[in-house]
Structure formats: structure tokens, C-alpha cells
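Below is one structure; the comments refer to it alone.
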There are 2 protein chains.
Amino acid sequence: MSRAKQQLTVFRALGEADGPLSARELWSRLGGAGVGLATVYRALRRGVEDGTLESVELLGGGVRYEPKDREHHHHFLCSICNHAFDLFGCVEGLESLVPDGFQMTGHEVVLRGTCDECANAA
Amino acid sequence: MSRAKQQLTVFRALGEADGPLSARELWSRLGGAGVGLATVYRALRRGVEDGTLESVELLGGGVRYEPKDREHHHHFLCSICNHAFDLFGCVEGLESLVPDGFQMTGHEVVLRGTCDECANAA
DNA sequence: AGAGAAATGATAATCGACTCTCAATAGTCG
DNA sequence: CGACTATTGAGAGTCGATTATCATTTCTCT
């Protein structure tokens, strides 16, 4: 593989994914061989520093990364394949949960369950 | 400290907390000295096996534990002190986020921001 | 093409979280 | 009290994730 801008390769793979990917998921998608794990980590770190990428941490799954240019959205975590999927839309009524004196700056919603594919395979 | 049922000590501390605690938080609340970290981990593990405790994993915060006998609730994670607080109530409209073919079995909502105390200290 | 800068891959090193080991201690029960 | 079992604390060991090292390769610019 040409060594020019492997970072672009990493970003492209993230952009094509249907949800945030962990460093390892990303690495295996890139073929494992051909791109070093260290390079994946480097690209991710730089992406976050650049503001191009965003890291999200979901329950039980460690840190994953996704392009920062996406609209506000949340995630679905399949408890079988452990893959995270993007969801669209948001929910109502978050403000009412905030206790007096607390200031909310953001929120995260994670749905757990079985994804399409795993549900059919079962 | 008497060695009888340190596990109870651990459970009590969790019960008195205003939110889920990590093993380390719990350990430092118990005085650090006096109870070994290993004992804390052991008590937590047994608690989860018993069904007495539940482990929750919030964004950016690792694994925390809380008594399982609580009502359905969510959490507020202070980005300054990094402490997790219990919230009461839930939100509407979660089902509408689930894609076709996916089966939701649970969900987690985490609010981020500044807690009472940190907001005043700032 | 040639020099210097930047990026890369393989692997060693690090880090934090958690578990295991083991001798010592406390609890149980006759 | 005395034998036997369960629990404990301290520290070593393990495990996975991430980062650092470094020789090599690729880029950029002339």
C-alpha cells in the first residue's frame, strides 16, 4: 500500500462505517496487514486533536471514534456482535432530569439490544 | 477494623452514595487503609454474582457499581469532579430511535455537565 | 536525482484495572 | 479452648489498550 496519507485511509474507513469504530475494529477493517496498529492509533489521535474526529465511549465497549461532522445522534450497541450503530434523532425530556443547581452541557443515549443481523442469525 | 463481613461495609457505603461508585472511589471512601483494594474488588464481584449489585459503565468513567434494588434511573456525570450522580425519572421516545429489525432490550442515558458543587466552586 | 522532513510498521514498553497468591487473622462450632 | 474454614491485606502477576522507540520508507522541494 502506498504510504501517502494513511491517515486519509483511516478517515475514509470511519466515514463509511455505520457507527463509531474502535481502534481495533478499524484496524481489522483496514486489512490488519498493510496498515500498522500504531498508525491507526496515531491517525485517530491526530484526528481528535484536529477536531476532525470525535471519541465516544459507550457502555461496555471502550473508546470508539467517529467523524465529527455528523449531526447530533446516538448509538445502538448490539450485545451479541458488540458492534455500535448510529441512530438518528434524539429524545425529549432530558432537561427535566437535571437536578437543581446542575448544569447540563451534553448527553449521551445508548440503546442496547440485538442488531438486525444478529437477531436473524439467532 | 473488625474483619467480619467487610462485604457489608462495602455494600453499606454503596447504599449511602448518591450515585454509582467505582472500585477505587469506594476504596478511598472506606479509608484506603483499613480495607484492602482486593477486598473491595472481591466484594463487588461477589455482589454482582449474587445479584445484589449491578455494574454500570458510563462514558469516560470506567465501571461503577450500585445496589440493584434501585428503581430505573439514569446518571449525571460531572466533567469536573468526575463523579456520577443518580438521576430520577426517564425519557420518552426511545422506541422511535430503534431501527427496523433491531431489538432493544435496555437503554442508558447519561447527562454530562457540572454538578452543583463544582458549579458553585467555579 | 538528492537532501531533509514526515510518516510508517513491528515490537517493546508502559499504564491502569483487575485478579491471583499466600501467609496471617478472624469466625464457627463442638 | 482447639481444630477447621472463610476472609483479609499486601503485593506480585496478568491482561488489554495505548504509546514510545527506531530503523526504514515515502514525500516534498529544489
Side-chain angles (χ1 to χ4, degrees), chain A residues 1-14 17 19-66 75 77 79 81-84, chain B residues 1-14 17 19-50 52-66 75 77 79 81-84 110:
Chain A
M1 173 179 294
S2 129
R3 258 187 206 178
K5 308 300 173 198
Q6 304 246 18
Q7 204 162 338
L8 287 179
T9 309
V10 169
F11 289 0
R12 195 177 319 126
L14 265 185
L21 300 177
S22 69
R24 279 208 181 267
E25 282 176 316
L26 197 45
W27 184 54
S28 48
R29 288 204 179 195
L30 294 177
V35 177
L37 185 54
T39 300
V40 173
Y41 275 108
R42 271 187 291 243
L44 291 174
R45 181 150 38 92
R46 273 179 269 184
V48 171
E49 286 167 0
D50 288 344
T52 319
L53 300 182
E54 188 167 23
S55 66
V56 299
E57 190 165 355
L58 308 179
L59 4 170
V63 183
R64 294 157 204 257
Y65 299 83
E66 65 187 355
H75 302 101
L77 189 62
S79 44
C81 65
N82 205 38
H83 181 68
Chain B
M1 173 178 296
S2 129
R3 257 187 205 178
K5 308 301 174 196
Q6 303 246 18
Q7 205 162 338
L8 287 179
T9 310
V10 170
F11 290 180
R12 193 176 321 123
L14 266 185
L21 300 178
S22 69
R24 280 205 180 268
E25 282 176 316
L26 197 43
W27 183 54
S28 48
R29 289 204 179 197
L30 293 177
V35 178
L37 185 54
T39 302
V40 173
Y41 276 109
R42 271 187 289 243
L44 291 174
R45 180 149 40 91
R46 273 179 270 183
V48 171
E49 286 167 0
D50 287 343
T52 319
L53 300 181
E54 188 167 25
S55 67
V56 299
E57 190 164 356
L58 309 180
L59 4 169
V63 183
R64 293 158 204 257
Y65 299 83
E66 65 187 354
H75 302 102
L77 189 61
S79 44
C81 66
N82 205 38
H83 181 68
V110 182

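Proteins come first, then strands; the chains are lettered A, B, ... in the order of their sequence lines, and each starts at number 1.
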Whole angstrom value for the distance that separates [atom2] of [N] from [atom1] of [X]:
| X | N | atom1 | atom2 | result |
| --- | --- | --- | --- | --- |
| L44(B) | dC20(C) | CG | C1' | 17 Å |
| E49(B) | dC18(C) | CD | C1' | 14 Å |
| E57(A) | dG16(C) | CD | C1' | 13 Å |
| E25(B) | dG16(C) | CD | P | 16 Å |

At how many degrees, to 10°, do the end axes of the helix from dA1(C)-dT30(D) to dG30(C)-dC1(D) meet when each uses five pairs? 30°

Can you tell me if the side-chain N/O atoms of R46(B) get under 4.0 Å from OP1 or OP2 in dA6(D)? no

Tell me whether the OP1 or OP2 atom of dT8(D) has a side-chain N or O from T39(B) closer than 4.0 Å. no

Could you pull out the closest heavy-atom pair between [X] and [Y], with the gap in Å?
| X | Y | result |
| --- | --- | --- |
| P20(B) | H75(B) | CD-CD2, 3.4 Å |
| V63(B) | S55(B) | CG1-CB, 3.8 Å |
| V40(B) | A23(B) | CG1-O, 3.7 Å |

Assign a letter to each nucleotide of nucleotides 15-21 of chain D from its 5' end: B, base within under 4.0 Å of a protein heavy atom; S, sugar-phosphate only; -, no contact. --SBBBB

Passing candidate, side-chain contact (heavy atoms from CB on, under 4.5 Å) with L44(B), options T39(B), T52(B), L26(B): L26(B)

Side-chain heavy-atom pair R64(A), L77(A) within 4.5 angstrom cut-off: yes

About how many Å separate CD of E25(A) and OH of Y65(A), when rounded to the nearest 0.5 Å? 12.0 Å

Can you tell me how far apart CG (L58(B)) and CD (E57(A)) are? Round to the nearest 0.5 Å. 9.5 Å

Can you check whether Y41(B)'s main-chain N or O pairs, donor with acceptor, with W27(B)'s side chain at less than 3.5 Å? no

